[in-house]
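Notes to accompany the following structure.
All heavy atoms count here, side chains included; hydrogens, waters and symmetry mates do not. The first residue of the sequence shown is numbered 1, and numbering continues consecutively from there.
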Amino acid sequence: MSQLEGGTPTAPAAPQYIRGVPHPLPDGERLLWEGAPSMKAVATHVFHWRLVAVYFAGMLALWAISTEHEPGSEVYVASAVVRVALAAFVMLAALGLSRAVASTSWYAITTHRVVMRVGMAFPMSINIPFKLLESAGVGTFKDGTGQVTMTLQKGSRIAYIALWPHCRVFRVTHPEPVLRGLEEPQRVAQILSQAVASYAEADADTRVERNGPAERMNGGLSMPSPASV
């Protein structure tokens with residue numbers, strides 16, 4: 001039990017935990033935000049179920065126009081059933097993966113780091129201290145959801161396979177972690193920005209850069225030139 005200057009005893013603060021992490025946060029570190037990706041946002045912007053549906057619909061229509069089989073014939077019906085079943089399987093797989101990602105992932109921002117609890121088959125906690133962040137950006141989609149991407153300093157690397165799908169596409173050699181499927185991306189980005197700025201002020205040896213709002217580009221984030229904080 002600690003004491004104030006006047007001698008009045010005060011109870012120690014209750015320990016804070018991040019969901020899925022068994023040990024509490026260290027002394028002096030506070031939890032600022034935590035949340036999970038939205039299944040709908042993951043299905044739409046990660047596994048692109050709409051594009052998959054359009055693709056199979058187009059392929060089915062093209063087949064129906066170009067096939068030599070008589071509509072209504074046994075061969076025609078069998079071929080159509082096979083194609084529809086294949087399309088349904090792929091769609092269900094995309095939705096199933098989206099559900100798995102949303103239900104097994106958990107993000108958290110503390111006063112010192114970003115924590116990503118990820119892994120559909122082998123759950124793991126990935127800690128990204130603010131001192132390893134070089135820049136960050138936020139991207140939003142038309143439906144209001146979005147994502148926050150982070151660029152790590154050179155020499156700091158997280159395996160792409162460990163991050164997927166919580167990383168930018170095609171950035172394999174230097175993976176960039178992404179907080180995906182956020183329903184309030186601007187709010188999460190603001191919390192991260194303020195936390196990093198406060199951390200940088202407390203640690204004079206830490207150089208942190210922050211990006212302005214990023215625009216959507218190929219389903220990911222466009223990273224503008226960073227400005228020093």
TODO: May I ask you to test the I158-P177 pair for a side-chain heavy-atom distance under 4.5 Å?
DONE: yes
TODO: Indicate yes or no: at least one non-hydrogen side-chain atom of M59 is less than 4.5 angstrom from one of R83.
DONE: no
- [ ] Measure across A162 and I126 and return the closest heavy-atom pair with its distance rounded to 0.1 Å.
- [x] O-CD1, 4.2 Å
Open item on the list: My understanding is that a hydrophobic cluster links ILVMFWY residues whose side chain heavy atoms are under 4.5 Å apart, including indirect links. Using that, what else belongs to the cluster containing V77?
Closed with: V81
Open item on the list: As an exercise, state the distance from CE of M39 to OG of S103, rounded to the nearest 0.5 Å.
Closed with: 9.0 Å
Open item on the list: Could you report the tightest heavy-atom contact between H45 and H48, atom names first, then the distance?
Closed with: O-CE1, 3.3 Å
Open item on the list: I'd like to check M150 versus E176 (side-chain heavy atoms, cut-off strictly below 4.5 Å). Are they in contact?
Closed with: no
Open item on the list: Please confirm whether the ring centroid of H23 lies under 6.0 Å from the ring centroid of Y17.
Closed with: no
Open item on the list: Please check: side-chain N/O of T44 versus main-chain N/O of A41, any donor-acceptor pairing under 3.5 Å?
Closed with: no
- [ ] Flag the pair V148 / L192 as yes when at least one side-chain heavy-atom distance between them is below 4.5 Å, and no otherwise.
- [x] yes
Task: Donor-acceptor contact below 3.5 Å, side chain T145 vs main chain G181 - done: no
Task: Donor + acceptor pair across side chains of S79, H69 (<3.5 Å) - done: no
Task: W63 ring center near Y76 ring center (under 6.0 Å) - done: yes
Open item on the list: So which atom in L133 and which in Q153 form the shortest heavy-atom distance, rounded to 0.1 Å?
Closed with: O-NE2, 3.5 Å
- [ ] Evaluate the side-chain proximity of M116 to L179: yes if any heavy-atom separation is below 4.5 Å, no if none is.
- [x] yes
Open item on the list: Looking at A189, is its backbone amide N or carbonyl O close enough to the side chain of S193 to form a donor-acceptor pair, meaning the two atoms are under 3.5 Å apart?
Closed with: no
Task: Connected-component partners of V172 among ILVMFWY, side-chain separation under 4.5 Å - done: V42, V46, F47, L97, V101, M120, Y160, W164
- [ ] Quick one: pull up CG in L152 and CZ in R157 and give me the separation to the nearest 0.5 Å.
- [x] 10.5 Å
TODO: Indicate yes or no: at least one non-hydrogen side-chain atom of V118 is less than 4.5 angstrom from one of T104.
DONE: no
Task: Geometric class of the Y199/H112 ring pair [parallel <30°, tilted 30-60°, perpendicular >60°] - done: perpendicular
Open item on the list: Whether E29 and R113 form a salt bridge (side-chain N of Lys/Arg under 4.0 Å from carboxylate O of Asp/Glu) is what I want to check.
Closed with: yes
TODO: Go through the structure and list residues passing side chain to side chain donor-acceptor pair (under 3.5 Å) with S38, not counting sequence neighbours.
DONE: none
Open item on the list: Ignoring hydrogens, what is the shortest heavy-atom contact between A36 and A102? Give both atom names and the distance.
Closed with: CB-O, 4.1 Å
- [ ] Examine the side chains of S125 and R117 and answer whether a donor and an acceptor come within less than 3.5 Å of each other.
- [x] yes
- [ ] Answer yes or no: is there a donor N or O on one side and an acceptor on the other, between the side chain of S73 and the main chain of E70, under 3.5 Å?
- [x] yes
- [ ] Any chance you could lay out the side chain to side chain contact (heavy atoms under 4.5 Å, CB included) test for V52 and F56, step after step, and finish with the verdict?
- [x] CA-CA 6 Å; V52 174; F56 278 105; 3.7 Å; yes
Open item on the list: If hydrophobic clusters are built by linking Ile, Leu, Val, Met, Phe, Trp and Tyr wherever their side-chain heavy atoms come under 4.5 Å apart, do L163 and I18 end up in the same one?
Closed with: no
Task: Whether R180 side chain and C167 backbone form a donor-acceptor pair below 3.5 Å - done: yes
- [ ] Kindly indicate whether the side chain of Y107, heavy atoms from C-beta on, has any atom under 4.5 Å from the side chain of P37.
- [x] yes
Open item on the list: Are more than 12 heavy atoms, taken from residues, nucleotides or ligands other than E34, located less than 6.0 Å from that residue's CD atom?
Closed with: yes
TODO: Using modelled atom types only, decide if a donor and an acceptor are shared between the side chain of R168 and the backbone of P175 within a distance under 3.5 Å.
DONE: no
TODO: Show your working on side chain to side chain contact (heavy atoms under 4.5 Å, CB included) between R187 and I191 and close with a plain yes or no.
DONE: CA-CA 6 Å; R187 175 173 171 267; I191 292 173; 4.2 Å; yes
- [ ] For residues L25 and L31, determine if any side-chain heavy atom of one lies less than 4.5 Å from a side-chain heavy atom of the other.
- [x] yes
